[in-house]
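Comments concern the structure below.
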Amino acid sequence: MNSEDRFDRAIGYVLITGVVISLLVEAIGILLYYLSYRHFNISEERALFIHGRNFFDFLIELFQGGSMGKKAVFLMSLGVIILILTPYVRVLMSVLYFAWEKNIKYILITLFVLVLLTISLAV
Amino acid sequence: MLNMISLFLISIPVGFLGALTGLGGASILVPLLVLLGIPVKEAIASCMVAIIATSSGSASSYVRKGITNVKVAFYLEMFTTVGAIVGATITTLIAPVYLYFFFAGFLLTSFLKSGEEVKDDWATPEYQDKLSRWLDLHGSYFDEAKRNLIEYKVQNALLGGLGMLIAGLAAGMLGIGAGAFKVTVQESILKLPPKVSSTTSNFIIGMTALAGTSVYFFSGLLNLTLMAPMAVGTTLGAVVGGRVLNRLGNRTLRILFYAIVAFLIAQMLYKGVTSI
């Protein structure tokens, strides 16, 4: 198997792993939501919307302030984070792969997407 | 009564149909949520996140088998991500009434490929333009139905990129994958083989959805109780749909899908007209 095939495989596994973990976390989040609220209603409460300034701050706050009563919201938010990180890690891996292959064109192409996403998540 | 369980149960067949017809589930889910009384911007933001799961989940096996053209995907993602960030930003700023009309208009493009079965008359272009050659846009994959290795070249990289900018813009604005539009650009402009085109489009949709999500994440529109059941349901449906894709004559389902889309277009227009 050549390095390109191995790279394809690796990103395929990253995608499926990220999605499976994220959806399991979401499903547990939904169950915990039921256990604490005793219903499955779609909520318009502010607590059930993602809020904050930017992704990276949100990540830090999430891990600092996960109190027991907010476990459901914590898990559902965590599921979204894992989901967001899945394609993000995929671009990151691609930059590293092309750097290792010394393919300047594709280092620049993948780096463009990585920088754009990082900026958009950070502001 | 819409709750997380009923939304989860609705999302499974929607994801299944979306994968089977190649047109995606979000173009059904957004107007359906609007019909059920969810604010349109919330519906869009939540679907955008759910798409990351649906698309990445179903793209995975085709990437591992080497059918997806990863280089073509990386190149096109430069355009779709810019488009999606701009599109999502527009949605957070404009009045909801415009979104009903944009959505109805874009749903109409789903009919571009209507009635079309997998084409057999595809042939790789003879020559490549400078940019496509410079980008090394070519590839090969093993066709299981024909039992041979198919090699191909890609054309018109610049025009294809611009087409993808529009696809990304629509996807980010409306919280959908815009898969039908992407596949059309890849097949008619870039001349990708149909199988490579649909799997590569699926792969790109995950990244485009991430770009859209990066804007919606802190717009205060992302409702976790909407997003969670949809992400789980559509992905389950899509994974099953992807597996039976090759075994089913899907003409009947296609007609069903178009009937639903036609109804939803009418409903979005109605909603738009009544809220002027």
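Just so it is clear, the structure is predicted and the values come from calculations on it, not from any experiment. In what follows, every chain begins at residue 1, and chains take the letters A, B, ... in the order their sequences are listed.
Neither the backbone nor the side chain of A:Leu114 comes within less than 4.5 Å of any heavy atom in chain B. Contact of A:Ser22 with chain B is not made at all, since no heavy-atom distance falls under 4.5 Å. The contact between A:Phe98 and chain B is made entirely by side chain atoms (from C-beta outward), counting heavy-atom distances below 4.5 Å. Heavy atoms of A:Phe7 lying under 4.5 Å from chain B belong exclusively to its side chain.
Looking at B:Lys65, its side chain never comes within 3.5 Å of a backbone N or O of A:Arg9 through a donor-acceptor pair. Counting only distance, with no hydrogens or angles, the side chain of B:Ser60 and the backbone of A:Gly12 share a donor-acceptor pair below 3.5 Å.
Per-residue heavy-atom pair counts under 4.5 Å with chain A were compared for B:Met227, B:Glu77, B:Met78, and the maximum is reached by B:Met78. When each of B:Thr89, B:Leu226, B:Leu135, B:Leu7 is checked for heavy-atom pairs under 4.5 Å with chain A, B:Leu135 comes out on top. When each of B:Thr213, B:Thr54, B:Leu221 is checked for heavy-atom pairs under 4.5 Å with chain A, B:Leu221 comes out on top.
Distance CZ/A:Phe112 to OG1/B:Thr81: 6.0 Å, rounded to 0.5 Å.
Using a 4.0 Å cut-off between charged side-chain N and carboxylate O, A:Glu4 and B:Lys71 make no salt bridge.
Two residues are said to be in side-chain contact when any heavy atoms from C-beta on lie closer than 4.5 Å; A:His39 and B:Asn3 fail this criterion. Counting heavy atoms from C-beta outward, A:Ile42 and B:Ile38 have side chains that approach closer than 4.5 Å. The side-chain heavy atoms of B:Val70 and A:Ile11, taken from C-beta on, include a pair separated by under 4.5 Å.
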